[in-house]
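Chain letters run A, B, ... following the sequence lines, proteins first, then strands; residues in each count from 1.
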Amino acid sequence: MSNGFDDIPFFDEEPAPRNRPERPEQGTPAPAPMGGIAARAMAARDVGRRPDYLSGLNPEQRDAVETIDGPVLVLAGAGTGKTRVLTTRIAHILASAKAFPSQILAVTFTNKAAREMKERVGVLVGGAVEGMPWMGTFHSIGVKLLRRHAELCGLRSAFTILDTDDVVRLIKQLIQAEGIDDKRWPAKQFAQMIDGWKNKGFGPADIPEGDARAFANGKGRELYAAYQARLKTLNACDFGDLLLHPIKMFREHPDVLKEYHQKFRYILVDEYQDTNTAQYMWLRLLAQRPKGVPQNVCCVGDDDQSIYGWRGAEVDNILRFEKDFIGAKVIKLERNYRSTEHILGAAAHLIAHNEGRLGKTLFTDRSDPDDRKVQVHAAWDSEEEARAVGEEIEQLQRQKHNLNDMAILVRASFQMREFEDRFVTLGLNYRVIGGPRFYERLEIRDALAYFRLVCQDADDLAFERIVNTPKRGLGDTTIRALHDYARARDVPMLAAAADMIETDELKAKARKSLFDVVTNFHRWQGLLENTPHTELAEIILEESGYTDMWKNDKSAEAPGRLENLKELIRSMEQFESMRGFLEHIALVMDAETNENLDAVSIMTLHSAKGLEFETVFLPGWEEGLFPHQRALDEGGRSGLEEERRLAYVGLTRAKRRCHIWFVSNRRIHGLWQSTLPSRFLDELPVTHVDVAETEQSYGGYNRGGYGQSRFDKQEPFTNSYSTPGWKRAQANRTEATRDNWGNRSGVSIERIGYGESGPKARTIDGELVAKSKIDEPSKFAVGDRVFHIKFGNGNIVGIEGNKLTIDFDRAGQKKVLDGFVERV
DNA sequence: ACTAAGATAGTTTTT
DNA sequence: CTATCTTAGT
């Protein structure tokens with residue numbers, strides 16, 4: 001290691017902010033306290049040993065930690081210690097004294113990831129982590145930049161951050177104001193379009209002509225511009241602006257950008273595969289350096305876990321890292337510390353079906369004869385699926401496994417319900433992750449609207465939300481009048497209200513009500529500076545009559561809502577001011593879960609990313625659901641590949657046990673649909689996957705199709721296959737388990753090298769856990785009259801291997817497996 | 001201004 | 001089927 005003490009910074013070049021925020025930034029100028037690890041690290045160096053925090057890292061991890069100068073891309077597979085590398089790297093930078101804590105920019109996507117990073121860095125470096133104000137999400141760092149330089153972006157520092165709900169309401173107003181039919185052109189859809197544009201870094205002038213024409217008969221661009229103008233008058237931002245405004249500012253004010261170049265000596269990015277174009281642009285701007293100056297950027301990501309393409313994430317960002325950052329070092333982390341070799345083998349084999357990946361192969365030293373293969377189960381319908389999963393969980397529970405160590409990961413949230421229902425009847429504790437959130441509840445949003453308006457009187461959306469809540473007799477007519485007046489004079493609605501109560505414009509009753517509202521707000525605004533914010537919050541909710549409204553409400557949920565309001569006030573205590581609290585709310589919309597309760601987690605595959613469980617259940621592996629039909633329709637091959645990555649994410653969440661389920665019948669949109677097993681099942685390797693025998697063999701209908709070959713106990717599993725693929729698998733099996741990958745997973749996948757021109761030919765062997773029997777002649781013929789247990793009688797109109805297309809008398813045309821029908 | 005019946009749509013989600 | 005939103009009627 002070179003002597004890093006040559007360029008120890010003697011002072012922290014804290015830029016003199018152009019617009020000082022009211023609240024000084026905490027802790028920035030404090031020099032790095034060299035306590036704890038850092039001190040020990042240096043002591044260790046003296047005796048020629050590695051610092052403590054480096055021990056226990058494998059060579060690749062250590063490389064990723066120690067290569068702190070110059071661009072580094074860490075390709076970190078699932079469970080390879082990505083967060084550890086990131087946090088240790090920060091500790092290492094600090095220990096090397098190459099930067100002050102305040103000179104490190106560390107970006108994550110989610111608040112959760114940011115929290116975890118902070119926690120773990122704290123363990124390594126102690127209090128120094130408190131001096132790292134530039135560790136956070138893209139958006140929270142964006143807000144920080146924007147509050148400092150608000151004027152350069154046409155805003156005032158106290159600007160409001162609007163959530164999606166506010167945005168949609170605002171756009172709806174604009175659409176209606178333009179005289180456009182808001183039913184034909186839904187505001188929600190346009191909000192999504194704007195979001196998409198912003199993800200790509202497009203302002204109204206930059207959007208493609210085709211996009212502009214696609215909405216409201218060519219008014220797309222106009223509306224987008226009107227929206228931005230409106231945000232400006234509201235002194236508000238949407239989430240996209242939190243990135244776009246800083247980008248624009250950096251481009252227009254190179255001097256400001258330069259300050260940050262000097263400031264951020266080291267930049268780290270987590271989950272790089274999830275960055276969208278705007279985030280990428282933002283990063284490029286901050287990371288760029290004059291020729292010869294190293295760009296100390298370290299991005300950590302996994303192209304195989306890129307599952308947010310639909311939300312604007314560009315996997316390309318990770319693929320082109322080397323081009324963008326010349327001289328970049330690419331380090332692959334492939335040693336997995338999480339899962340058994342069976343789980344890893346199954347996941348690796350599945351993901352190998354994707355093209356256009358950088359190509360990593362996870363491996364583990366872990367090999368335990370007790371490790372069970374991944375289990376594939378079949379069920380008749382989703383009800384049976386839930387029942388069987390419940391039984392499996394109860395059995396594990398009897399074996400003293402914690403429910404906290406188990407998770408059910410579904411593709412779509414409607415799948416959750418069946419499990420919830422089942423667990424309620426079983427009395428099994430469960431927790432749903434990612435459901436409706438605390439801050440999205442009606443009463444919370446109402447209360448927040450009051451607070452927002454007190455803090456920022458230009459917040460018309462907040463005004464409109466609560467002006468007649470509780471009921472004050474201020475209906476549509478009054479609001480429209482206020483709205484028109486405000487727009488005509490270009491003043492906020494609260495100010496408009498203050499004006500209008502002086503006139504005879506309104507009816508006496510409305511005028512009186514409005515007068516009360518306005519004087520209340522003026523009084524509360526006066527209290528803002530000198531009253532403790534929790535106290536002020538209580539005053540507002542009391543005096544506005546909002547709490548009374550719920551006290552007088554006799555409905556069942558009213559007491560709960562009052563409880564939530566109390567909870568809201570309680571949670572405010574942790575913040576120093578009402579503004580600080582509101583900012584937190586806008587950015588951190590998540591509520592904490594009760595960790596004390598032992599409960600099974602139910603969540604979507606998307607929200608499971610980054611988590612791990614001893615036992616994972618993956619229900620619903622059926623064509624149309626997973627891969628989802630819409631992903632296929634709209635995303636084509638790349639859509640399918642993203643679905644496959646999602647499957648990969650699901651499998652790699654499991655540490656020891658993994659159960660996959662598919663059903664033959666699922667109720668979609670109220671009616672029963674016959675479903676086919678997911679193609680992903682076909683893509684699993686036999687060496688690591690078992691088809692589980694179910695006592696109830698397919699809900700009691702043990703015949704034909706998947707049922708016949710896989711659940712018929714008379715015939716041993718290994719004999720029931722006769723397809724070429726299976727034979728190939730058989731032949732390869734011995735070889736595959738004792739392959740030349742040493743102690744790596746037994747899957748025989750050729751390694752795909754990074755930096756070569758695309759993936760090489762792969763040999764994907766040993767598949768066929770659930771291969772469709774396309775080669776076998778069907779025992780049915782077109783025109784046959786058949787009976788199906790769920791759909792009744794029908795005629796066969798098409799045959800494709802073991803998949804029959806049947807025109808049912810009652811249920812219409814459906815595709816079903818031949819095992820489920822009988823000739824009549 | 002509020003309630004009740006009708007229409008409609010229905011992946012994934014963070015900030 | 002069902003949750004949510006809209007509209008029509010009181």
Interatomic distance where NZ belongs to A:Lys144 and P belongs to B:dT15 [whole Å]: 17 Å

Neighbour count >12 (heavy atoms, 6.0 Å) for atom CZ, A:Phe575: yes

Closest nucleotide among B:dT15, B:dT12, B:dT11 to the A:His628 side chain: B:dT11

A:Lys471 side chain near B:dC2 phosphate (N/O to OP1/OP2, under 4.0 Å): yes

Interatomic distance where CG belongs to A:Leu625 and P belongs to B:dG10 [whole Å]: 16 Å

Position toward the 5' end of DNA chain B (nearest nucleotide), A:Ala412 or A:Thr110: A:Ala412

A:Tyr308 to A:Glu642 - nearest heavy-atom pair and separation: N-OE2, 3.7 Å

Any-strand Watson-Crick or G-U partner of B:dT11, both distances under 3.5 Å: none

Aro-ring/base stack A:His669-B:dA9, d under 5.5 Å, angle under 30°: no

Heavy-atom neighbours of A:Lys198 NZ exceed 12 at 6.0 Å: yes

Base of B:dT15 and ring of A:His139 stacked, centres under 5.5 Å, planes under 30°: no

Gap between atoms CE and P, on A:Met416 and C:dA3 respectively (whole Å): 15 Å

Closest listed nucleotide, where the reference is the side chain of A:His606 and the choices are C:dT7, B:dA1, B:dT12: B:dT12

A:Leu646 CG to B:dT13 P, straight-line distance once rounded to whole Å: 10 Å

Whole-Å gap separating P (B:dA7) and CZ (A:Arg184): 21 Å

Distance test, side-chain N/O of A:Lys609 to OP1/OP2 of B:dT12, below 4.0 Å: no

Atom P, compared across C:dT4 and B:dT13: separation rounded to whole Å: 15 Å

A:Thr604 side chain near B:dT13 phosphate (N/O to OP1/OP2, under 4.0 Å): yes

Base B:dT11 to side chain A:Arg630, donor-acceptor N/O within 3.5 Å cut-off: no

Nearest-nucleotide pick for A:Trp310, side chain only, options being B:dT13, C:dT7, B:dT15: B:dT13

Residues A:Asp241, A:Lys232; criterion salt bridge (charged side-chain N to carboxylate O under 4.0 Å, His left out); working and verdict: CA-CA 11 Å; A:Asp241 286 343; A:Lys232 202 168 166 181; over 6 Å; no

For atom CG of A:Leu640 and atom P of B:dT11, their distance in whole Å: 19 Å

Most 5' of A:Gly434 and A:Gly473 on DNA chain B, judged by nearest nucleotide: A:Gly473

Sugar-phosphate only, base, or nothing, as touched by A:Arg417 at under 4.0 Å among non-hydrogen atoms: sugar-phosphate

Separation of atom CD in A:Glu642 from atom P in B:dT13, rounded to whole Å: 13 Å

Per A:Phe239 side chain, nearest of listed nucleotides C:dT6, B:dT15, C:dC1: B:dT15

Sugar-phosphate, base or nothing in reach of A:Lys172, heavy atoms under 4.0 Å: sugar-phosphate

Protein-nucleotide distance (A:Lys188, atom NZ; C:dT6, atom P), rounded to Å: 10 Å

Closest to the A:Thr137 side chain, choosing from B:dT11, C:dT7, B:dT15: B:dT15

Within 6.0 Å of CD in A:Gln228, more than 12 heavy atoms from elsewhere: yes

Stacked pair A:Tyr308-B:dT13, distance under 5.5 Å, angle under 30°: no

Residue pair A:Thr160 / A:Gln456, side-chain donor-acceptor N/O under 3.5 Å: yes

